[in-house]
Engineer: 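Below is one structure. I have some questions about it.
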There are 2 protein chains.
Amino acid sequence: MVRGVYGEGRVKIVDVAAAAGVSVTTVSHVISGRRPVSAATRARVEDAVRRLGYQADPSARGLRTQRTHTLGLVVPDITNPFNTELAAGVQEIAFTGEYLTVVCEAPMQGPGLPAVLRRLTARRMDGIIIGRYGAGRADLDLVTASGARLVRLGSRLADGPGDVVRAAETEGMRDLVRHLVRERGYRNIGFIGGEQGVEPGGERFEGYAQALGDAGLTVPEGLVAWTGFTREGGRAGAARLLDAPHPPDALVCANDLIAIGALDVARQRGLDVPGRLAITGYDDIDAAAMVTPALTTVLNPAREIGRSAARLLLDRMEGETGPAREIVLAHRLVRRESA
Amino acid sequence: MVRGVYGEGRVKIVDVAAAAGVSVTTVSHVISGRRPVSAATRARVEDAVRRLGYQADPSARGLRTQRTHTLGLVVPDITNPFNTELAAGVQEIAFTGEYLTVVCEAPMQGPGLPAVLRRLTARRMDGIIIGRYGAGRADLDLVTASGARLVRLGSRLADGPGDVVRAAETEGMRDLVRHLVRERGYRNIGFIGGEQGVEPGGERFEGYAQALGDAGLTVPEGLVAWTGFTREGGRAGAARLLDAPHPPDALVCANDLIAIGALDVARQRGLDVPGRLAITGYDDIDAAAMVTPALTTVLNPAREIGRSAARLLLDRMEGETGPAREIVLAHRLVRRESA
DNA sequence: CTGAAAGCGCTTACAG
DNA sequence: CTGAAAGCGCTTACAG
């Protein structure tokens, strides 16, 4: 029977020391490996740790070391598949480093972010990843002032403190639209964005506009709609653009959900996709490959973004003190049926 | 300029006490409200807390109180939309109670679960929710022996220690299949399950079998396939059943992903759904309403399950000592186009 | 209504 | 190679 697991009261470091016939100092050093211990002593201690099922108390350790071994991740919407993948990537790396991860939701707009950040800094996170745009300078300073390491997702290094991880959004959209123009011959290409002014809508729009410019085209008059990053937004945007005087032959959407909404409208109006109307998404969430026709889209490497962000944080916590870094991840065009 | 936020070194309770001209005892009591403090003193202390931006150190507090104010949630797959909703529900309640939530992934089979559980108990979670079937008695005992409160999801109260939250799975499937038989007149109804022996496949199968029994029907020979809870599993299962000597006129699937895979096969074979073949899912994940035809399915109240589990845990941590409880949540039939 | 002091369980200078 | 002891920042009996 393993005491401390089945017995009353937890096993403490003094119990291990007594069992091994050494001081707590030595037990601590065997566990941390921060100072040489003779092989014989080490073996006795390790044996005692195992027999007693000793696990150091994280609060006691944290109080002494001023570290919680915990990471915070803040995203606008936990249930969004993109953020879920992101979180999975963070967890994957954090877990191997014996860190725990706390994922919190904070709405894209409004006062939610500082409140959530304060909660996280109050709990002394060792590192915080802000996985959303729209974090102001004051929000970011809240994090760094707390002593937590900071990684921002999506924005640019110049926008504030901490390291940055982002995908090449503009380039991704440019490649997609270039494909539409060059490979598929579409000419009158509309754009449906999310909420106006909310990233990554702007960057994706820019890629779209660049690709048109590169092809000697301009953004068609009246064929840009800003709605919301949802299926409903896609329906509203598609309906509006298809009712324009010169309706588009292709609809480039700022994300997959919007594209799925656009698909609804096309189906409802009996428009063949991609024969009569091409529709493209962005992100490549699971649903993109489930709808009919399957979406042509751009893979946004959510999991890899999460992994990179967590690695950056772990590096910093292990003492890496170099200048701020920016990691830009490649996108990938995913050609399916809708364009 | 708020010291402790922008200054070097954090504000400690002694700093607040000095600023307010009282003892740390009094500051502590003002914050916790655990003993009466005169209005004037309280005001001075609260003012000092605000001015200095004081936030108690969680490690110090935890060391003293033996609580981490943290909840753990273990699920088989973080990226599964059902689990994501579940986690969102847990977080929602935990957050209002000032608890942080750590979501961990542990594979459905294999030695992953005890390892993850050990990690969580090592970190002294105040409560743990096991959101997956297949947790053995030893796993559960690991949790309770650590002192953490336990809530199990999905299984029955009799299966082990802790409180239980579950949805009425069998009843949900029974209602769905009853609908198929009575309202829609299907007679030769096949079943595609997940991995054999992995819940909630068994409970759902039982509901299917019960509904057939109630209608004087039996489970049709050769029309049951156990594959996996994935789109791929659905494809394999549907292909097999449709090649049977007496192919089914309806395919009841153990979850939505399986149903989406079955839909793939129907489309590929040119089978009209639901005219020639009905297909149903279970869970009502977002994608269920995105595919064509939209899935008829059963809503599995993931978020509410999460909320209930978290509430149970918070109650217990506030001292609730009654006997173990089991909360059973209602399902809801969602009629769409596929059946 | 308020305070002095013990003690939670670790890690880490300091000393030998 | 090893140990005695200070101290991390709180909460809570204990005392008045």
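Each chain gets a letter, A, B and so on, in the order its sequence line appears, and its residues count up from 1.
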Engineer: Counting N and O atoms only, with roles assigned by atom type, does the side chain of A/Arg119 sit under 3.5 Å from a partner on the main chain of A/Arg123, one being a donor and the other an acceptor?
Structural biologist: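 Not a single qualifying donor-acceptor pair exists.
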Engineer: Kindly state each residue pair satisfying side chain to side chain donor-acceptor pair (under 3.5 Å) with at least one member in residues 73-84 of chain A, sequence neighbours excluded.
Structural biologist: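 Every side chain to side chain donor-acceptor pair (under 3.5 Å) pair that includes a residue of residues 73-84 of chain A, provided the two are not neighbours, is A/Asp77-A/Thr79.
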Engineer: Check every strand shown and say whether B/Val14 touches a base, only sugar-phosphate, or nothing at a heavy-atom separation below 4.0 Å.
Structural biologist: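 No contact.
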Engineer: Name the residue closer to the 5' end of DNA chain C, choosing between A/Lys12 and A/Arg34 according to the nucleotide with the nearest heavy atom.
Structural biologist: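 The residue closer to the strand's 5' end, by nearest nucleotide, is A/Lys12.
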Engineer: Can you pull out every salt bridge (Lys or Arg N to Asp or Glu O under 4.0 Å) where at least one residue sits in residues 29-39 of chain A? Sequence neighbours excluded, please.
Structural biologist: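 Found none.
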Engineer: Main chain of B/Arg156, side chain of B/Asp159: is a donor-acceptor contact present, judged purely on distance under 3.5 Å?
Structural biologist: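 Yes, B/Asp159 side chain to B/Arg156 backbone: donor-acceptor pair under 3.5 Å.
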Engineer: Please tabulate, for the side chains in residues 98-107 of chain A, all donor-acceptor contacts under 3.5 angstrom to protein atoms that are two or more places apart in sequence or on a different chain.
Structural biologist:
unit_1, atom_1, unit_2, atom_2, d
A/Glu105, OE2, A/Ile78, N, 2.7

Engineer: Taking the side chain from B/Asp126 and the backbone from B/His69, do they hold a donor-acceptor pair closer than 3.5 Å?
Structural biologist: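 Yes; judged by distance alone, with no hydrogens or angles, the pair exists.
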Engineer: State whether A/Arg307 and A/Glu92 are salt-bridged, where the test is any N-O pair (Lys NZ or Arg NE/NH1/NH2 against Asp/Glu carboxylate O) under 4.0 Å.
Structural biologist: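 Salt bridge present between A/Arg307 and A/Glu92.
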Engineer: Answer with base, sugar-phosphate or nothing: what part of the nucleic acid does B/Thr41 contact at a heavy-atom distance below 4.0 Å?
Structural biologist: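 Sugar-phosphate only.
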Engineer: I'd like to know if the side chain of A/Thr70 and the backbone of A/Thr68 have a donor-acceptor N/O pair within less than 3.5 Å.
Structural biologist: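 Yes, because the side chain of A/Thr70 sits within donor-acceptor range (under 3.5 Å) of the backbone of A/Thr68.
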Engineer: Under a 4.0 Å heavy-atom cut-off, which of residues 24-31 of chain B touch DNA chain C?
Structural biologist: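 Within this stretch, B/Thr25, B/Thr26 sit under 4.0 Å of the strand.
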Engineer: Touch check for A/Arg35, heavy atoms < 4.0 angstrom, all strands: base, sugar-phosphate only, or nothing?
Structural biologist: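 Answer is base: heavy atoms of A/Arg35 come under 4.0 Å of a base.
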Engineer: Would you check if the side chain of A/Arg316 reaches a backbone N or O of A/Gly322 as a donor-acceptor pair within less than 3.5 Å?
Structural biologist: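 Indeed, once roles are kept as given, a pair shorter than 3.5 Å links the two residues.
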Engineer: For the pair A/Arg61 (side chain) and A/Arg67 (backbone), establish whether a donor and an acceptor sit closer than 3.5 Å, ignoring hydrogens and angles.
Structural biologist: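 Answer holds: no.
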Engineer: Using Watson-Crick and G-U wobble pairs with both distances under 3.5 Å, what is the 5'-to-3' dot-bracket string of DNA chain D, with [ ] for crossing pairs and | for pairs outside the strand?
Structural biologist: |||.||||||||.|||
Engineer: Need two values: the first and the last nucleotide of DNA chain D, 5' to 3', having an atom under 4.0 Å from any heavy-atom of chain A.
Structural biologist: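 The footprint of chain A covers D/dC1 to D/dG9.
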